[in-house]
There are 2 protein chains.
Amino acid sequence: MKLEILTNNDNQEIQNGIISNIRDLINYKNLEPGDKLPSERMLSEKFGVSRSNVREAIQKLEFYGILKSKPQSGTFVADIGQVAMNGMLDDILRLKTPDFKSLVETRILLELKTVRLASQRRTDKDLEKMEQALEAYKQKVTNGEDAVQEDLLFHLAIAKASGNSTMNTFMLIITPEIITNFEKYHVCDKNQAFMGIQEHQDIFEAIKAQDPQLAKEKMKIHFKTLYQYCYNI
Amino acid sequence: MKLEILTNNDNQEIQNGIISNIRDLINYKNLEPGDKLPSERMLSEKFGVSRSNVREAIQKLEFYGILKSKPQSGTFVADIGQVAMNGMLDDILRLKTPDFKSLVETRILLELKTVRLASQRRTDKDLEKMEQALEAYKQKVTNGEDAVQEDLLFHLAIAKASGNSTMNTFMLIITPEIITNFEKYHVCDKNQAFMGIQEHQDIFEAIKAQDPQLAKEKMKIHFKTLYQYCYNI
DNA sequence: ATAACCAATCTGGTTAACCAATTTTTCAGG
DNA sequence: CCTGAAAAATTGGTTAACCAGATTGGTTAT
């Protein structure tokens with residue numbers, strides 16, 4: 001499953017159908033927080049789909065905190081009221097697979113924050129990890145090899161050093177999509193990789209010196225040279 | 001599945017075991033991008049776990065873009081090299097369920113951005129939706145009722161108006177956890193809800209007037225009064 | 001020697017049967 | 001009429017069987 005979240009296949013169609021069926025059922029039956037949904041078997045029969053499909057849909061809704069299923073008891077609507085429930089369900093149904101621009105925008109937002117947090121919170125162990133990643137990146141670039149992976153690892157090391165597990169998770173989620181798009185559009189050429197060494201070094205030094213503002217500035221520069229060619233694709 | 005991502009249960013343990021087994025196997029066999037993993041059946045036997053467990057682990061890795069399984073063919077390592085792969089796998093294995101502080105930090109970051117984007121990109125239809133949510137919120141508060149849901153819906157409407165589907169998704173992901181924690185710690189009392197009306201109104205006006213800077217300031221104020229009592233829990 | 005074809009096998013995905021825990025119903029005993 | 005215990009039915013979760021499509025290796029015709 002990519003960020004077209006929690007749905008590998010094109011059965012997205014029928015899954016959304018099930019979700020909207022569940023929504024209608026909740027509204028029609030006026031189910032309130034804590035109430036029990038009909039059993040999976042009943043739902044699968046009612047909607048004319050397989051039980052696995054129902055289970056997938058329920059799991060997706062569970063991911064978003066809308067339902068909560070208890071092992072040998074039933075599936076219950078969570079402690080959020082009908083209004084919020086309907087609003088969220090509409091959002092979930094309308095969610096589109098993110099475009100590249102949206103991904104880049106989000107990545108920049110996240111990284112300008114994680115680099116500041118990392119400057120404040122990094123431990124010595126974090127610094128070690130980052131230095132390792134930086135060293136590996138240098139080596140690859142100077143050997144003229146492709147260094148997209150090492151570049152990525154350096155940024156993930158920063159995210160980890162930020163001490164914010166949510167942002168760390170989000171970085172992990174968008175990273176593979178970013179890479180895919182980079183490769184598709186041939187973003188990282190050799191010149192930029194070479195400039196990247198100094199930029200990475202600057203970022204690292206700022207984090208080491210625990211200077212959040214400087215770190216942010218250096219990260220901005222890094223992104224500027226990175227995206228100056230490729231933002232209009 | 002909550003943000004302890006893609007894992008409802010406490011079988012987290014054995015799933016991480018499988019993932020680390022897969023990592024070892026990839027390293028030991030020197031599997032490169034595009035190579036095929038052993039079949040699910042073989043892995044389940046090799047690791048001494050059920051095939052469903054293996055499938056779950058694979059799906060999780062697929063979510064992070066590390067593996068890619070083709071229907072009647074096999075599971076393949078994605079187009080990211082061994083170095084990045086190992087780095088990401090380590091991160092994934094170390095991922096902890098996010099603490100409340102991390103969630104709040106991330107929410108503020110996201111919302112200060114989405115509100116600016118919404119100011120620039122909001123359509124008339126977006127404005128309508130936001131006004132509806134705002135109106136519902138006012139009504140509930142003036143009636144002395146609990147309005148956490150309506151508050152949330154207003155913020156989600158902003159996220160949608162931002163036109164950034166990735167941030168919208170992330171907001172949807174963290175929202176339920178935020179709500180749960182809010183309720184657990186009794187964050188939103190009646191006084192704050194009343195102040196919230198004016199604050200929401202201000203934010204809405206700024207977005208309507210397409211003034212990103214003002215919108216951000218108003219959002220900052222909103223968060224300040226919201227978290228001033230509860231940040232030290 | 002090469003290309004085309006075919007059947008046996010292996011693949012991830014799907015469905016149906018099964019399980020243990022829970023909830024509801026039942027009914028004997030007071 | 002209750003009460004309560006036990007049995008029957010229902011639940012989500014798990015496992016095993018099955019499926020259709022893809023792969024593979026060998027065979028044959030050119």
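Keep in mind that the numbers below use all heavy atoms, side chains included, and drop hydrogens, waters and symmetry copies. Being a predicted model, the structure only gives us computed values, none of them experimental. Chain letters run A, B, ... following the sequence lines, proteins first, then strands; residues in each count from 1.
- Of the residues in residues 18-27 of chain B, none has a non-hydrogen atom less than 4.0 angstrom from any atom of DNA chain D.
- In this entry the distance linking CG of A:L67 with P of D:dT11 reads 16 Å, nearest Å.
- The distance from atom NZ of A:K70 to atom P of D:dG13 is 13 Å, rounded to the nearest whole Å.
- For B:E40, the listed nucleotide lying nearest its side chain is C:dG12; candidates were D:dG13, C:dT15, C:dG12.
- Going from atom CD of B:Q59 over to atom C1' of C:dG12 covers 10 Å, rounded to whole Å.
- Taking five base pairs at each end of the helix from C:dA1-D:dT30 to C:dG30-D:dC1, the local helix axes there meet at an angle of 20°, rounded to 10°.
- Where A:R51 and B:T75 meet DNA chain C, the nucleotide closest to each residue was compared, and B:T75 sits on the side nearer the 5' end.
- Among the protein residues, B:S50 comes within range of the sugar-phosphate backbone only, with heavy atoms under 4.0 Å from sugar or phosphate atoms but none that close to a base.
- Under the 4.5 Å side-chain criterion, counting only non-hydrogen atoms from C-beta, B:F63 is not in contact with A:L172.
- Among pairs with a residue in residues 82-93 of chain B, those fulfilling salt bridge (Lys or Arg N to Asp or Glu O under 4.0 Å) read A:K160-B:D91, B:R23-B:D90, at least two apart in sequence or across chains.
- Rounded to whole Å, the distance from CD on B:E45 to P on C:dT11 is 12 Å.
- By the side-chain hydrogen bond (donor to acceptor under 3.5 Å, both in side chains) test, B:R94 pairs with no residue at all, sequence neighbours left out.
- You'll find the ring centres of B:F170 and A:F170 inside the 6.0 Å limit.
- Between A:S73 and D:dT10 there is no side-chain polar atom (N or O) within less than 4.0 angstrom of OP1 or OP2.
- Distances shorter than 4.0 Å separate none of the side-chain N or O atoms of B:S39 from OP1 or OP2 on C:dC10.
- B:E150 is linked by a salt bridge (charged side-chain N to carboxylate O under 4.0 Å, His left out) to nothing, counting only residues two or more places apart in sequence or in another chain.
- Separating the CG atom of B:D35 from the P atom of C:dT11 is a distance of 16 Å, rounded to the nearest angstrom.
- Taking atom CD of B:Q72 as the reference point, atom P of C:dT9 lies 18 Å away to the nearest angstrom.
- Aromatic ring orientation, A:H155 versus A:H200: perpendicular (interplanar angle above 60°, classes split at 30° and 60°).
- B:N168 and B:S165 are not linked by any side-chain donor-acceptor pair at a separation below 3.5 angstrom, with hydrogens and angles left out of the test.
- Take B:K140 and apply the salt bridge (charged side-chain N to carboxylate O under 4.0 Å, His left out) test, not counting sequence neighbours, and it matches B:E145.
- A close approach under 4.0 Å does occur between a side-chain nitrogen or oxygen of B:S69 and OP1 or OP2 of C:dG13.
- A:T166 and B:S102 share a side-chain donor-acceptor pair at under 3.5 Å.
- Between the side chains of A:S50 and A:N53, at least one donor-acceptor pair of N or O atoms lies under 3.5 Å.
- Regarding A:I14, its CD1 atom lies at a distance of 15 Å from the P atom of C:dG13, rounded to whole Å.
- Atoms CZ (A:R55) and P (D:dG12) sit 8 Å apart, rounded to a whole Å.
- Nearest to the side-chain atoms of B:M42 among the listed nucleotides D:dT14, D:dT11, C:dT11 stands C:dT11.
- Residue B:R41 places no side-chain N or O under 4.0 Å from the OP1 or OP2 atom of C:dT11.
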